[in-house]
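Structure record follows, encoded as structure tokens.
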Amino acid sequence: MFFFYLLNKIIYICRNIKDNVVSMYNMLRNFPHEKFEGTLDDMVDLYIENKIWFGPWHGHVDQFSVLPNIHFIHYENLLMVIYLCLKSF
């Protein structure tokens, strides 16, 4: 699978970690089988302790940041200047 990353150009859209936590909180609160019953503060604590299903955020981002042919775009920047973000790639 690593070979795939070497041969292709990849656009990686990275969200702000605060947005990521809030989105995770809202998603897990609406899971049909296992709803998260805690508060946003509880979610932040679990996120920091790496005790949630989808994490850690920084580990995932770090894995892709070292690969060649990866173009990182922050979601917040993409909303502001989509043309300039993609033109540089």
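Only heavy atoms go into these numbers, but all of them, side chains included; no hydrogens, no water, no symmetry mates.
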**Request:** First locate atom CD1 of Ile11, then atom CG of Asn69, and finally report the distance between them rounded to the nearest 0.5 Å.
**Result:** 12.0 Å
**Prompt:** Taking all non-hydrogen atoms of both residues, which atom of Asn26 and which atom of Asn30 are closest, and how far apart?
**Reply:** O-ND2, 2.8 Å
**Asked** Would you call Asn16 and His74 a side-chain contact if the rule is heavy atoms closer than 4.5 Å?
**Response** no
**Message:** To the nearest 0.5 Å, what is the distance between CD1 on Ile70 and OH on Tyr12?
**Reply:** 9.0 Å
**Request:** Please indicate whether Tyr75 has more than 12 foreign heavy atoms, meaning atoms of other residues, nucleotides or ligands, lying under 6.0 Å from its OH.
**Result:** no
**Asked** Between Arg29 and Phe36, which heavy-atom pair has the shortest distance, and what is it?
**Response** CG-O, 3.6 Å
**Message:** Minimum heavy-atom separation for Phe72 and Cys14, please, with both atom names.
**Reply:** CD2-CB, 4.4 Å
**Request:** Would you mind reporting whether Lys9 and His71 have side-chain heavy atoms less than 4.5 Å apart?
**Result:** no
**Prompt:** So, Asp42 side chain and Thr39 main chain: donor-acceptor pair closer than 3.5 Å or not?
**Reply:** yes
